[in-house]
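Contents: one structure, followed by commentary.
Whatever order the structure lists ligands and atoms in, that order sets their numbers, starting from 1. Excluded from the calculations below are hydrogen atoms, water molecules and symmetry mates; all remaining heavy atoms, backbone and side chain alike, are included.
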Amino acid sequence: MAETTPLVEARALELELPDMNAPRGFGPRPRVRILHPVSLTLRRGEILGIVGESGSGKTSLGRTLLRLHEPTGGAVLFDGNDITHRSQADLRILRPRMQMIFQDPQSSLNPRRRVAASLSAALDLGAPGLRGPARRAALEEAARAVGLDPALIDRFPHELSGGQRQRVGIARAIVTRPDFVLADEVVSGLDVSTQAQVLALLKRLAAEMGLALAFISHDLSVIRALCDRVCVMRAGRIVEQGPCAALFEAPQTDYTRILLDAIPLPVPDPGWLERGAPAR
Ligand SMILES: Nc1ncnc2c1ncn2[C@@H]1O[C@H](COP(=O)(O)OP(=O)(O)O)[C@@H](O)[C@H]1O
Ligand SMILES: [Mg+2]
């Protein structure tokens, strides 16, 4: 039977933050509205694209779904639990199940640590008791799962290529075997063929691990290649959401149409992602 409960759900989510642009004065900073009521659902094995121009609220929404921000209205549910106002201490128990892949593995990986040490620190979140050969085996398994030669985890980040570093970033996110992964602009800095390989990898992992994957990008051609459903954001709101194919075929808002028109060239070969798949 098809699973009906979403793994992640936002119900009329609102977010205000202290306004970093306001001049510093006495008293609390004025607050600025970042998200207007936003609602979405994400199921296991599903890839949800979140697209919109820079400043539209994609990162803020993603961070709120992970409860790195506390909502000021509405609710966030994770696997049926209302986590809207859970303390960070309470959330620690869920952290291994909700992970993030960073945009820039270059700056998010400690340059003075071998890759294995960074992966190991991530694993501590979910399996602090795992020691010795079993721990090493878990790190190597995460490397293999992302198509990295396990021998590479004994290197330092600067000894790897950009594509390899992004794979390390993905390995770090999946080493705790999460249910929900947020990927925020993770292919933006990569050349097109490396992009295709990383996207194919994410697609395979989402299917194999049954991940609920929220994939943020300002690039609609990337969204089209990867996602099952898409939310289009503008000024802190979702202005349109639906199945990927339908949205590209018949956008319902002028804004989405403008974003679509901004794609530099139609993808000449719609099968590029499948063929770009890395050998396992
Ligand atoms: N602490 C803050 N103070 C003031 N403005 C903020 C703060 N955090 C985010 N913003 C603003 O919120 C909007 C959404 O930001 P963000 O979620 O990073 O958008 P995106 O990821 O789509 O580029 C932007 O206009 C940004 O400048
Ligand atoms: Mg962003």
Any chance the side chains of [X] and [Y] put a donor and an acceptor closer than 3.5 Å?
X      : Y      : value
Ser118 : Arg172 : no
Ser217 : Asp219 : no
Glu53  : His218 : no
Glu240 : Thr256 : yes

Exercise. Leaving waters out, which protein N, O or S atoms fall under 2.8 Å from the Mg ion (ligand 2)?
Worked result: Thr59 OG1
Seminar exercise, completed: Using heavy atoms and a strict 4.0 Å limit, residues surrounding ligand 1 turn out to be Leu17, Pro18, Asp19, Met20, Asn21, Val32, Ile34, Glu53, Ser54, Gly55, Ser56, Gly57, Lys58, Thr59, Ser60
Seminar exercise, completed: Glu185 meets the salt bridge (Lys or Arg N to Asp or Glu O under 4.0 Å) criterion, sequence neighbours left out, with none
Exercise. Does any non-hydrogen side-chain atom of Phe215 lie less than 4.5 Å from one of Val186?
Worked result: yes
Exercise. Below 4.5 Å, heavy atoms only, C-beta onward: do Val146 and Leu205 meet side chain to side chain?
Worked result: yes
Problem set entry | Non-neighbouring partners of Thr41 that pass side-chain hydrogen bond (donor to acceptor under 3.5 Å, both in side chains), sequence neighbours left out | none
Seminar exercise, completed: Which of Arg33, Arg237, Arg31 passes salt bridge (Lys or Arg N to Asp or Glu O under 4.0 Å) with Glu14? Answer is Arg33
